Student: 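Next up is a structure, given as structure tokens.
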Amino acid sequence: MRIALGIEYGGGAFRGWQSQAGGGTVQDALEAALAAIAGQRVGTLCAGRTDAGVHATQQVVHLDAPVERPLSAWVRGVNTHLPEGVAVRWAQPVDSAFHARFSAHARRYRYLLLNRPQRPGLWQGRVGWFHLPLDLAAMQAACAALPGEHDFSAFRAAGCQAKSPVKLMRHATVRQCGSLFVFDFEASAFLHHMVRNLVGTLVYIGKGAQPPAWIGELLQMKDRRLAAPTFSPAGLYFRGPVYESQWDLPEPADDVFDGLL
């Protein structure tokens, strides 16, 4: 039976999602917990890999269960074997044609940026930080240039393995909630470090170092060396993939932001 799981995690305690030698990743922790329930190794495939320090409010994975267990075992049972900082929120049977990555037609990310003179204390590791005042209107004007299909080479990490830098940006906004700036992005897919590079560029515009039109110029020039530095992973949240309604999977839950926004 193929099962989809919704996972949330704080990235600060892990070396990213993808399993690697030496362990310490979210996938390593999850597969060890699944094996404890199944009594044998269980492999997983995710909707989108995240880097070290990046969080997820709804990472979706699928697995082919080698044994029959009640759905509660794949949630509460697995959670008893998971370390702090990661939890399964839901489990749901899916058709064998479902694929966590390839069935998704879009992905959503959110970046939380604390904008005040003092560095974060209570929310250290959960928000990015910039100490100088930022111009919300300038950053909003810059965001307006992002929706549509573009070559995002100017915002692509050098080691990115994507076959093409061309992605369809469906949604790009920034709003202010007190001392927090909230950046939301939805695209067909994202390049490695793309959101963090976009946020870094928007911060340059917000602090007045560049005009809003700069982001459109960067899209045209397609040169990563000309854009702003990559911003911290601390404030980046993978809010989950977007699937067709036929799969009947839960929508991303934003209750994890309660108390912040």
Side-chain angles (χ1 to χ4, degrees), residues 4-9 11 16-18 26-27 44-51 54-62 94-95 97-112 139-175 182-202 215-224 227-228 230-231 233 235-254:
L5 303 177
I7 317 291
E8 70 174 34
Y9 52 86
W17 166 265
Q18 186 76 18
V26 182
Q27 186 177 21
T44 61
L45 289 168
C46 75
R49 291 177 290 179
T50 54
D51 292 334
V54 177
H55 320 294
T57 62
Q58 178 148 286
Q59 174 70 271
V60 175
V61 308
H62 80 257
V94 288
D95 187 89
F98 174 79
H99 193 288
R101 177 184 174 191
F102 297 124
S103 296
H105 62 81
R107 288 156 182 83
R108 296 167 177 158
Y109 278 91
R110 172 169 290 173
Y111 197 97
L112 301 182
M139 293 190 292
Q140 288 176 328
C143 278
L146 294 174
E149 189 173 76
H150 304 289
D151 183 324
F152 284 94
S153 292
F155 307 100
R156 180 181 192 176
C160 180
Q161 298 178 356
K163 292 181 180 179
S164 170
V166 178
K167 304 299 175 187
L168 175 62
M169 183 71 76
R170 301 170 183 265
H171 177 83
T173 62
V174 57
R175 56 192 168 94
V182 182
F183 300 83
D184 281 313
F185 303 94
E186 180 179 321
S188 56
F190 289 85
L191 304 169
H192 192 204
H193 288 175
M194 179 172 155
V195 175
R196 291 166 58 191
N197 291 334
L198 284 169
V199 171
T201 297
L202 289 167
I215 205 162
E217 295 169 3
L218 291 171
L219 287 170
Q220 293 299 316
M221 291 186 287
K222 307 173 187 178
D223 190 339
R224 174 71 192 103
T230 305
F231 223 71
L236 183 57
Y237 294 78
F238 179 46
R239 293 181 58 228
V242 181
Y243 297 111
E244 298 292 345
S245 59
Q246 71 184 82
W247 303 115
D248 195 29
L249 294 178
E251 285 291 313
D254 284 340

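Hydrogens, waters and symmetry mates play no part in the numbers below; they use all other heavy atoms, side chains included. As the structure is a prediction and not an experimental result, all values here were calculated from the model.
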Student: Does the ring center of F190 lie less than 6.0 Å from the ring center of F185?
Tutor: no
Student: For R108, what residues pass the salt bridge (charged side-chain N to carboxylate O under 4.0 Å, His left out) criterion, not counting sequence neighbours?
Tutor: E186, E251
Student: I need the F152 CZ to M169 CE distance, nearest 0.5 Å.
Tutor: 4.0 Å
Student: L198 versus F183: any side-chain heavy-atom pair under 4.5 Å?
Tutor: no
Student: Is the closest side-chain heavy-atom distance between L112 and V182 below 4.5 Å?
Tutor: yes
Student: Where is the tightest heavy-atom contact between F231 and G200, given as atom of each residue plus distance?
Tutor: CD1-CA, 3.8 Å
Student: Do Q59 and T44 have side chains that get closer than 4.5 Å, going by heavy atoms?
Tutor: no
Student: Is the closest side-chain heavy-atom distance between P233 and R196 below 4.5 Å?
Tutor: yes
Student: Are V199 and V174 close enough, and set up right, to give a side-chain contact (heavy atoms from CB on, under 4.5 Å), and what steps lead you there?
Tutor: CA-CA 10 Å; V199 171; V174 57; over 6 Å; no
Student: Hey, does the side chain of Q58 reach the backbone of P241 with a donor-acceptor pair shorter than 3.5 angstrom?
Tutor: no
Student: Kindly compute the distance separating OH (Y237) from OH (Y111), expressed to the nearest 0.5 Å.
Tutor: 9.5 Å
Student: What distance separates T201 OG1 from M139 CE, expressed to the nearest 0.5 Å?
Tutor: 12.5 Å
Student: Return the minimal non-hydrogen interatomic distance between A172 and C143, and the atom names on each side.
Tutor: O-CB, 3.6 Å
Student: side-chain contact (heavy atoms from CB on, under 4.5 Å) between V60 and L5: does it pass, once the steps are laid out?
Tutor: CA-CA 6 Å; V60 175; L5 303 177; over 6 Å; no
Student: Got a donor-acceptor contact below 3.5 angstrom from the H62 side chain to the A100 backbone?
Tutor: yes
Student: Is there a donor-acceptor pair under 3.5 Å between the side chain of R156 and the backbone N or O of A162?
Tutor: yes
Student: Please collect all salt bridge (Lys or Arg N to Asp or Glu O under 4.0 Å) contacts where either partner lies in residues 215-224, sequence neighbours excluded, each pair once.
Tutor: D223-R225
Student: Considering only residues two or more places apart or on different chains, which pairs with a residue in residues 162-171 satisfy side chain to side chain donor-acceptor pair (under 3.5 Å)?
Tutor: H171-T173
Student: Checking R107 side chain against A47 main chain: does a donor-acceptor pair fall under 3.5 Å?
Tutor: yes
Student: Can you tell me how far apart CG (N197) and CG (L218) are? Round to the nearest 0.5 Å.
Tutor: 10.5 Å
Student: Test side-chain contact (heavy atoms from CB on, under 4.5 Å) on V61 and W17 and set out the steps.
Tutor: CA-CA 11 Å; V61 308; W17 166 265; 3.5 Å; yes
Student: Compare every heavy atom of A227 with every heavy atom of F155, then report the nearest pair and how far apart it is.
Tutor: CE2-CB, 4.4 Å
Student: Flag yes if more than 12 heavy atoms outside Q220 fall under 6.0 Å of its CD atom; otherwise flag no.
Tutor: no
Student: From D184 CG over to R110 CZ, what is the distance, rounded to the nearest 0.5 angstrom?
Tutor: 4.0 Å
Student: How far does OG1 of T50 sit from CD of Q18, to the nearest 0.5 angstrom?
Tutor: 9.5 Å
